[in-house]
Every structure is written in structure tokens, then in C-alpha cells.
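Heads up, the thing below is written out as C-alpha cells.
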There are 2 protein chains.
Amino acid sequence: MNSVTIPKATVARLPLYLHALEILAAEGTCTVSSEMLARRVNVNAAKVRKDLSFLGTHGVRGVGYDSSELGTRIREALGLTRDFGVVIVGIGNLGAALANYDGFGEQRFHIVGLYDADPGTIGSKVGDLVVRDVRHMPADIAENNVEIGIIATPAAVAQEVATQLEQCGVRSILNFAQTVLQVEQADVRRVDLSTELQILGYYLRHDQS
Amino acid sequence: MNSVTIPKATVARLPLYLHALEILAAEGTCTVSSEMLARRVNVNAAKVRKDLSFLGTHGVRGVGYDSSELGTRIREALGLTRDFGVVIVGIGNLGAALANYDGFGEQRFHIVGLYDADPGTIGSKVGDLVVRDVRHMPADIAENNVEIGIIATPAAVAQEVATQLEQCGVRSILNFAQTVLQVEQADVRRVDLSTELQILGYYLRHDQS
DNA sequence: TTCGGATTGTGAATTCGGTCACAATCCCCA
DNA sequence: TGGGGATTGTGACCGAATTCACAATCCGAA
Ligand SMILES: NC(=O)c1ccc[n+]([C@@H]2O[C@H](COP(=O)([O-])OP(=O)(O)OC[C@H]3O[C@@H](n4cnc5c(N)ncnc54)[C@H](O)[C@@H]3O)[C@@H](O)[C@H]2O)c1
Ligand SMILES: NC(=O)c1ccc[n+]([C@@H]2O[C@H](COP(=O)([O-])OP(=O)(O)OC[C@H]3O[C@@H](n4cnc5c(N)ncnc54)[C@H](O)[C@@H]3O)[C@@H](O)[C@H]2O)c1
């Protein structure tokens, strides 16, 4: 939507910069250098500057970036200028933990629906939401303008849930199940514990990370 | 440890191939083509072949790969030929969910310790383990030869926990807290929900993924 | 035994991301 | 008002990762 397209790798780092900035702001820092951000995010300072240059930012040479302005720039670039509705499907161990997580309450992401298929789970309260039957999901999504779906069901049904989410118009899916989802258009991000552990396991032997 | 070094990007995909293979094996498939794997993992078939070529595999031209042999090759490459001890620090909502997760029981990763600092949590049972005081962690780790640490504490103390883990000799850390950890040598992987959501948020606008 | 269809393995080309290095610019102080 | 120290913005380079394309090879059928 904006002028230039931001490289994928840069997009993935913007949230880290933003978070670092929020901490710095809380500490009362008004001006921040690329070097300072780089240390906090564990990257090269030149990379920070190049990343920020895609936002059309203007730091001041010899001085650095105004931390509050830079924050708003990054938020704009990420589209965090409005609210996003999120649903979680599969309220088991993990789903319930995610639902309880209030770390993005501060952000623009709001959990507006929890869904499960198990009659024993449906109706129970998690946080301040009541778990609803997954059959109500399509209507709810349409009504509440939900844009993001989080899948925390067993792997066996994750694909089915994803398809359903997509049919409801959800274009962004965060998948915690151990499956690679096949979708039409949706953007899927995958978070998988055992994959992460296996990668770590590899580098335990081949240390040179 | 093996002859060639495997590119990082390839290492990150190997667990996906492995999982796809396990499913195919369960379905009774003996021979698998790069094309077939590619579809399941959502990547280019040439990439699959190039990835597998780093393992020194031998598929058969005109036929494909023997799925069971390929599986063992990947397991060998990843070092999944022995067991790994894992501890989880911070047994709150998320930590407890991870502790209950048995998805890597089938794998070679075994959770051998749960630690918390809250007296109300210490002593409680999660899965078949009892949560212990985090002060016992160093001794336990030394005794049980733990190699991987999972951090699920609040962000404020994650750095401290990471430092402690590293001092105990843990070289691999999976960090669920919203912080970028500063470590000496350890290999850190970060899993952060709000980062993921922000990335998804970006691509909601700039659709072309 | 030969042929056709299928599939691998991999060099070459390409795209993408990261790093370097430095001119351009700014602030502050003397 | 001028100079020194600091820091940005970015072009040029480098390396990693992806994709392409095709010869090499195999199986099975006729
Ligand atoms: N728990 C973890 O720590 C953890 C970690 C990593 C990955 N995962 C993955 O996350 C997923 C959930 O893990 P979990 O431990 O919470 O499992 P769980 O069994 O506790 O929860 C799964 C929930 O999904 C519900 N469900 C089943 N079918 C459904 C459907 N069709 N529609 C809606 N809901 C449905 C179940 O009723 C259950 O409540 C699994 O795929 C697991 O592999 C979990
Ligand atoms: N819960 C989620 O779904 C979720 C999702 C993404 C990220 N996270 C992150 O994971 C972390 C944990 O989230 P949570 O919801 O489970 O929080 P939580 O408050 O439920 O659990 C944190 C636990 O850590 C323990 N703890 C505190 N200080 C400790 C110390 N010094 N040593 C050992 N244990 C200590 C606390 O006693 C508590 O039991 C947070 O950093 C959060 O940002 C959580």
C-alpha cells in the first residue's frame, strides 16, 4: 500500500525494533542511534539503518533517531494504526494459554472469539471469553470482522479448520499445529515446537551458529 | 559433524521433510518423489532435491527416494539418533501447556525438569513431573546432562534465566519470552506470538506473499 | 534388448539479504 | 564562526538461497 515494498526479512525485524523502542521510551530515552538499537536486537547497525531506510524515515545525522517518531513510523509501516480481530480455534492446553496471554492487549490485536469442538470445553470461560462451538465461528467471524485466525487444534483437524477459516474470509493464519497447511490465498505462519527443538538439536553438534 | 556443512535454510526445512515422510510412511508409501514431498511441504521440488543432496542421499533416478531410508538419513543429519534432555523454566500458562505437550515424546526430546520461582507453583505436579524451585536447577542440569532449556517466564526475568542456563552449560535455548536474549555462545531460537501477529498484520495490507 | 516415461542430481543463472565503507550531514563547543 | 566528533543514508560488494534447466540414470513394458 505504501510507496516501496519492504523486504520480507526487514518486515520480520520491524517488530523487534519496535519492541526495543518501547522499552527505551519507557526508560526515558528520546534519541536512539542505530548502534543502540542494533545491540538490543542483536544485529548489525548497518542493517538497522538499511531496514529503517525502507520506511522513509529520517534520522538526523550525527544524532540518531527520535525514538517516539521512529516508533510511530514503524507502527505505520506495520499497519498497527488500527485494531485487528483475532480468533483462536482449539482451546486445549495451548489454546487456553494463548487466550490467557494478555501480551497483545497492549497491541492492536484483540481476541474476540474462542472456539472448540469438544462439548466439555464449549461453554467454559477462559479469560473473559466463553468458549463457543466451532459451528458458530463462520457467523461470528462475518459479524465481527475477524482478520486473523490462530489454530491450536490437534494436527489431524488443522487443515480442515484452516480451510474453514479461509472460507470465512480470514486471510491470515497462525498455525501451532504440526502440519503444513495448504491454503488458497491466506498468509500462513507456522510455529512448531518440535521443529524448533530439532533445529536446536542440529546445532548442538554443528556448533558455529 | 558430518562431511559437509548444511546451509541454515536447509536445516530449518529438514524437520518438515521428516514429518512429511513419517506421515507418508504411516500411509504405507515406500517410495517418494521430490515432487511429492514438495507438495506436502509447500516448496519447490528442485529445492527439495538440493536440500536432500546435502545429506549425501541417494535417491534413484526415474523412481524417487526410499521413504524409510530417507527418513533415517534426515534423522542422522539432524542428530536425532540419541536423546536430548530438556528443561522448562517458568511454569505459568504457557510453560504448563508446553510441559503437557507430548508431541515430542515420540521424538528424542525428553522433558526432565520443570522450574519456577513462585512458591505457590513449586511442588505442583504437571504431567508426571513435579515443579521444582529454580534454585535446584543448576545441580539438576549438571546431574541429568540437560542440553536444551525452554524459557517461558515473564520477559523481565528471561535474560537472567538465560544467563543462568548458560552458566549451567546449556548451549541451546528456546525463548518464548518477548525479549532478545544476550548470550555468550548459546544458540537461541525465539518464538514470539506478538511478533508473529505483527508480521501477519503487515501482510494483511501488502498482500502478495 | 530396446525404448519411453519418470525422476534425480547439479552446474549456471538469478534473486535476495547482509556487510562494508564512506561521503554527507548535523550538533556542540570553543 | 569554524572545526571535531558522531551518526546517518546508501552505493558497491559479497555471500547465501532459490530457481532453472537439462544431462544422467533408472524402471518396466513390449
Ligand atoms: N501444548 C503445547 O505446548 C504445544 C506446543 C506446540 C505445539 N502444539 C500443538 O498445538 C496443538 C494443540 O496442542 P494442545 O496441547 O493444546 O492439545 P489439546 O488436545 O490440549 O487441545 C486441542 C483442542 O482442540 C480441540 N479440537 C479438536 N478438534 C477440533 C475442531 N475440529 N475444531 C475446534 N477445536 C477442536 C479439542 O477439543 C481440544 O480442546 C497441537 O496440534 C499441538 O501439536 C502444542
Ligand atoms: N501464554 C502465552 O500464550 C504466551 C504466548 C506467547 C508468549 N508468551 C510469553 O511466555 C512467557 C510466559 O507466559 P505465561 O502466560 O505463561 O505467563 P505466566 O505469568 O502465566 O507464567 C510465568 C511463570 O514464570 C514464573 N517465574 C517468574 N519469575 C521466574 C524466575 N525468575 N524463575 C523461574 N520462574 C519464574 C512465574 O512464577 C510464572 O509461573 C511470557 O514472557 C510471555 O510473554 C506467552
Side-chain angles (χ1 to χ4, degrees), chain A residues 3-17 20-21 24 29-71 73-74 77 199 202-203 206 208-209, chain B residues 3-17 20-21 24 29-67 69-71 73-74 77 180 199 202-203 206 208-209:
Chain A
S3 39
V4 257
T5 53
I6 303 180
K8 263 169 35 167
T10 296
V11 171
R13 280 187 297 267
L14 290 180
L16 304 187
Y17 299 145
L21 277 172
L24 286 166
T29 312
C30 298
T31 284
V32 57
S33 69
S34 61
E35 179 62 37
M36 212 181 297
L37 270 179
R39 257 200 309 274
R40 304 247 177 173
V41 179
N42 265 357
V43 299
N44 188 299
K47 184 149 58 179
V48 174
R49 293 198 294 277
K50 181 149 283 191
D51 282 342
L52 296 183
S53 77
F54 290 111
L55 316 188
T57 51
H58 269 290
V60 182
R61 294 175 188 220
V63 177
Y65 302 86
D66 179 282
S67 57
S68 108
E69 191 208 324
L70 185 54
R73 286 295 175 88
I74 295 179
I199 296 171
Y202 175 85
Y203 288 112
H206 307 73
Q208 96 290 20
S209 172
Chain B
S3 40
V4 258
T5 54
I6 303 179
K8 265 169 34 166
T10 297
V11 171
R13 279 187 296 268
L14 289 179
L16 304 188
Y17 299 144
L21 277 172
L24 286 165
T29 312
C30 298
T31 284
V32 57
S33 69
S34 61
E35 179 60 37
M36 213 182 298
L37 270 179
R39 255 199 310 274
R40 302 247 176 175
V41 179
N42 265 357
V43 298
N44 188 300
K47 183 147 61 177
V48 173
R49 292 198 296 276
K50 181 147 283 192
D51 281 343
L52 297 183
S53 76
F54 290 112
L55 316 187
T57 51
H58 268 290
V60 182
R61 296 176 188 221
V63 178
Y65 302 87
D66 179 283
S67 57
E69 191 207 325
L70 184 54
R73 285 296 174 89
I74 296 179
V180 176
I199 297 171
Y202 174 85
Y203 289 111
H206 307 73
Q208 95 290 21
S209 173

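In this text, all values refer to a predicted model and were calculated from it rather than measured experimentally. The sequence lines fix the lettering, A, B, ..., with proteins before strands; numbering per chain opens at 1.
A straight line from CZ of A:F54 to C1' of C:dC16 spans 10 Å, rounded to a whole angstrom. Atom-to-atom, NE2 of A:H58 to C1' of C:dC26 comes out at 14 Å; the value is rounded to the nearest Å. Distance NZ (B:K47) to P (C:dC16): 12 Å, rounded to an integer number of Å. Between the C1' atom of C:dG18 and the CG atom of A:N42 lies a distance of 16 Å, rounded to the nearest Å. Look at CG on B:N44: it is 15 Å from P on C:dT15, rounded to the nearest Å.
With a heavy-atom cut-off of 4.0 Å to chain B, the contacted part of DNA chain D has its first and last nucleotide at D:dA17 to D:dC27.
By the side chain to side chain donor-acceptor pair (under 3.5 Å) test, B:S67 is found to be paired with no residue, residues two or more places apart in sequence or in another chain being considered.
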* Would you sort out whether B:K8 and A:Y203 count as a side-chain contact (heavy atoms from CB on, under 4.5 Å), showing the intermediate values? => CA-CA 10 Å; B:K8 265 169 34 166; A:Y203 288 112; 2.8 Å; yes

* **Trace of the side-chain contact (heavy atoms from CB on, under 4.5 Å) decision for B:V43 with B:Y17** => CA-CA 10 Å; B:V43 298; B:Y17 299 144; 4.1 Å; yes

* To do: Determine, step by step, whether B:L52 and B:L55 satisfy the side-chain contact (heavy atoms from CB on, under 4.5 Å) criterion, reporting the C-alpha distance in whole Å, the side-chain angles of both residues, the deciding distance to 0.1 Å, and the verdict.
  => CA-CA 5 Å; B:L52 297 183; B:L55 316 187; 4.3 Å; yes

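Counting non-hydrogen atoms under 4.0 angstrom, A:K50 reaches a base of the nucleic acid. The residue A:T10 sits apart from the nucleic acid: no heavy atom pair falls under 4.0 Å. Among the atoms of the strands shown, only primed sugar atoms or phosphate atoms (P, OP1, OP2) are found under 4.0 Å from some heavy atom of B:T57. When heavy atoms are screened at a 4.0 angstrom cut-off, A:A46 is found touching base atoms of the nucleic acid.
Here CG of B:L21 is found 4.5 Å from CG of B:L70. Values are rounded to the nearest 0.5 Å. In this structure, CZ on B:R13 lies 11.5 Å from CD1 on B:I6, to the nearest 0.5 angstrom. Separating the CG atom in B:L24 from the CZ atom in B:R40 is a distance of 4.0 Å, to the nearest 0.5 Å.
Of the residues near DNA chain C, A:A9 and A:R49, the one whose nearest nucleotide (by heavy atom distance) lies more toward the 5' end is A:A9.
Each end of the helix from C:dT1-D:dA30 to C:dA30-D:dT1 gets its own rotation axis from five pairs of C1' atoms, and the angle between them is 0° to the nearest 10 degrees.
In this structure the side chain of B:V11 never reaches within 4.5 angstrom of the side chain of A:H206, judged on heavy atoms.
Between the side chain of B:T31 and the main chain of B:G64, no donor-acceptor pair closer than 3.5 Å is present.
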